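In what follows, a structure is listed as structure tokens, so that the remarks can point back to it.
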Amino acid sequence: MKSSNFKGCLFLVTAFMLCLAVRSQLTSDFYSATCPNLLQIVRSQVMMAIKAEMRMAASLLRLHFHDCFVNGCDASILLDGDQSEKLALPNLNSARGFEVVDAIKAAVESACSGVVSCADILAIAARDSVLLSGGPTWKVLLGRRDALLPNQTQANVTLPSPFDNLTAIINKFAAVGLNNIKDVVSLSGGHTIGQAKCSTFNNRLFNFSGTGSPDSTLNTSMLSDLQALCPVNGDGNKTTALDLNSVDLFDNHYFQNLLTGKGLLGSDQILFSSNQAISTTKSLVQIYSGNQPLFFSDFANSMIRMGNITPLTGTSGQIRKNCRVVNS
């Protein structure tokens with residue numbers, strides 16, 4: 001009798017643990033009962049934001065990327081305060097779109113109060129930004145919860161930099177579980193939309209790596225234009241398009257640019273032109289440059305993988321009412 005009771009208890013415990021495990025996994029229908037119109041609400045807000053400023057699509061995509069690479073996809077990048085990730089060097093006066101996230105959150109709260117996390121809003125907004133810019137779509141997995149603390153220190157270390165060499169970039173991707181070269185190359189292709197400041201690429205224009213000359217991998221006509229835009233001791237906050245001939249369209253033109261030395265950031269051009277690229281990323285750049293459907297497919301799959309970097313689920317974290325502050 002005791003043996004039977006023990007087995008029964010063991011079965012119940014096992015079943016309970018399995019239920020918890022299933023619930024802790026991200027699913028595309030996580031809010032189907034609690035906030036059935038969530039996707040339409042977010043899409044509508046993103047459409048309005050992009051209509052007001054096309055660049056916002058790239059900004060929202062970048063927010064999700066910069067969120068996931070620091071402590072996982074937990075909306076920690078949205079928190080204000082002295083230790084905010086917004087003040088980390090890769091984000092300072094650079095990460096943007098926070099007001100749009102506020103507007104999305106307000107619209108979602110109006111329909112389903114206290115239900116949808118800011119982390120999930122970032123993931124959906126990133127997907128919609130890509131789709132509305134002409135790129136692919138994918139099913140966004142949901143069920144993330146929001147962090148209680150930011151991690152400014154980690155943001156200064158783990159985010160890929162435009163000044164990193166290719167080995168460092170590959171290692172930073174691998175450190176968060178994106179250890180497939182497809183992830184590195186396809187997600188870098190997100191730079192097919194958006195803009196960059198002079199301060200992120202002017203090291204290539206005049207005295208590259210102490211040589212006294214510009215970066216030899218930079219297209220000469222593009223170099224002249226960039227030198228005029230970003231002179232020595234000029235305004236480092238001036239911006240130009242990452243993909244000059246296809247500014248707001250999400251396509252494979254970014255990779256075509258790399259073949260002709262027209263990658264704006266050093267961290268983009270090294271995917272094709274560096275010695276390290278020969279055995280790692282170069283062949284995939286060439287393939288994507290001539291095969292947009294494959295780029296779109298690989299990008300979508302990599303976005304799903306990135307969105308699954310150590311999310312908070314179950315009872316971890318919280319569902320913030322205001323994305324900028326933890327609940328009181």
Side-chain angles (χ1 to χ4, degrees), residues 58 61-62 64-65 68-69 126-127 130-131 133-138 158-194 196 200-201 203-204 208-209 214-223 226 241-247 249-309:
L61 173 60
R62 187 166 181 256
H64 183 44
F65 185 99
C68 290
F69 265 67
R127 188 275 309 274
V130 170
L131 176 63
S133 299
T137 189
W138 58 92
T158 61
L159 286 168
S161 161
F163 311 111
D164 282 340
N165 62 38
L166 186 53
T167 298
I169 291 171
I170 291 172
N171 287 341
K172 285 181 177 181
F173 272 71
V176 295
L178 299 175
N179 48 19
N180 191 317
I181 290 298
K182 283 184 181 180
D183 296 323
V184 176
V185 181
S186 66
L187 291 176
S188 294
H191 284 172
T192 182
I193 54 175
T200 61
F201 59 83
N203 65 307
R204 306 180 68 200
F208 182 62
S209 296
D215 184 347
S216 61
T217 66
L218 188 54
N219 178 280
T220 52
S221 63
M222 182 172 168
L223 171 63
L226 293 176
L242 285 160
D243 183 352
L244 288 168
N245 295 319
S246 180
V247 177
L249 183 63
F250 196 100
D251 56 17
N252 68 333
H253 196 266
Y254 163 88
F255 297 104
Q256 295 169 13
N257 284 342
L258 300 186
L259 302 188
T260 56
K262 292 182 179 178
L264 182 64
L265 304 179
S267 56
D268 289 329
Q269 193 59 49
I270 58 175
L271 296 176
F272 180 77
S273 299
S274 66
N275 290 330
Q276 299 146 303
I278 296 171
S279 61
T280 54
T281 56
K282 184 173 182 177
S283 61
L284 205 47
V285 169
Q286 291 171 313
I287 291 169
Y288 288 160
S289 72
N291 192 335
Q292 181 165 285
L294 180 61
F295 162 50
F296 278 12
S297 175
D298 286 352
F299 180 86
N301 287 331
S302 289
M303 285 295 292
I304 292 170
R305 280 195 290 274
M306 186 185 78
N308 203 34
I309 297 173

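Note that the structure is a prediction, hence the values are computed from the model and not measured.
Among residues two or more places apart in sequence or in another chain, the side chain to side chain contact (heavy atoms under 4.5 Å, CB included) test is passed with Ile270 by Leu166, Ile169, Ser274. Thr281 meets the side-chain hydrogen bond (donor to acceptor under 3.5 Å, both in side chains) test with no other residue; sequence neighbours excluded. Taking the side-chain hydrogen bond (donor to acceptor under 3.5 Å, both in side chains) definition, one finds that His64 meets it with nothing, sequence neighbours left out. Under the rule for a ring pair (Phe, Tyr, Trp, His ring centres under 6.0 Å), the partners of Tyr288 that lie at least two apart in sequence or sit in another chain are Phe255, Phe295. With sequence neighbours left out, Asp251 forms a side chain to side chain contact (heavy atoms under 4.5 Å, CB included) with Thr192, Asp243, Ser246, Leu249, His253, Gln292. Arg127 meets the salt bridge (Lys or Arg N to Asp or Glu O under 4.0 Å) test with no other residue; sequence neighbours excluded. Residues forming a side-chain hydrogen bond (donor to acceptor under 3.5 Å, both in side chains) with Ser302 (at least two apart in sequence, or on another chain): Asp183, Ser186, Arg305. Taking Asn219 as the reference, Ser221 meet the side-chain hydrogen bond (donor to acceptor under 3.5 Å, both in side chains) condition, with sequence neighbours excluded.
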Go through Phe208 and Ser216 one step at a time and tell me if the side chain to side chain contact (heavy atoms under 4.5 Å, CB included) criterion holds. CA-CA 9 Å; Phe208 182 62; Ser216 61; over 6 Å; no
Please assess Leu265 against Leu242 for the test side chain to side chain contact (heavy atoms under 4.5 Å, CB included), listing each intermediate value before the final yes or no. CA-CA 8 Å; Leu265 304 179; Leu242 285 160; 3.9 Å; yes
Step by step, work out the side chain to side chain contact (heavy atoms under 4.5 Å, CB included) result for Met222 and Leu264. CA-CA 9 Å; Met222 182 172 168; Leu264 182 64; 3.9 Å; yes
Check step by step if side chain to side chain contact (heavy atoms under 4.5 Å, CB included) holds for Leu271 and Leu284. CA-CA 9 Å; Leu271 296 176; Leu284 205 47; over 6 Å; no
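Considering every non-hydrogen atom in both Pro160 and Phe65, the closest pair reads CD-CE2, 4.1 Å. The two atoms that bring Leu258 and Phe272 nearest to each other are O-CD2, 3.4 Å, heavy atoms only. Counting all heavy atoms, side chain and backbone alike, Leu187 lies closest to Met306 at CD1-SD, 4.2 Å. For Gly307 against Cys68, the heavy-atom pair with the smallest separation is CA-SG, 4.3 Å. Across Leu244 and Val247, no two heavy atoms sit closer than the pair O-CG2, 3.6 Å. Closest approach of Val176 and Ile309 over heavy atoms only: O-CG1, 3.6 Å.
The stretch residues 261-278 participates, sequence neighbours left out, in no salt bridge (charged side-chain N to carboxylate O under 4.0 Å, His left out) pair at all. Listed by first then second residue, pairs satisfying ring-ring contact (aromatic ring centres under 6.0 Å, His included) with a partner in residues 158-179 read Phe69-Phe173, not counting sequence neighbours. Within the structure, side-chain hydrogen bond (donor to acceptor under 3.5 Å, both in side chains) contacts touching residues 159-181 (residues at least two apart or in different chains) are Asp164-Lys172, Thr167-Gln276. The salt bridge (charged side-chain N to carboxylate O under 4.0 Å, His left out) analysis of residues 272-282, with sequence neighbours excluded, yields no pairs.
Here CZ of Phe296 is found 10.0 Å from CG of Leu131. Values are rounded to the nearest 0.5 Å. To the nearest 0.5 Å, atom CG of residue Asn245 and atom CD of residue Gln256 are 10.0 Å apart. Of the inter-residue distances, the one linking Phe299 atom CZ with Lys182 atom NZ reads 15.0 Å to the nearest 0.5 angstrom.
Panel note: side chain Ser188, backbone Val184; a donor-acceptor pair is recorded below 3.5 Å. The backbone N or O of Ser289 lies less than 3.5 Å from a partner atom in the side chain of Asn252, making a donor-acceptor pair.
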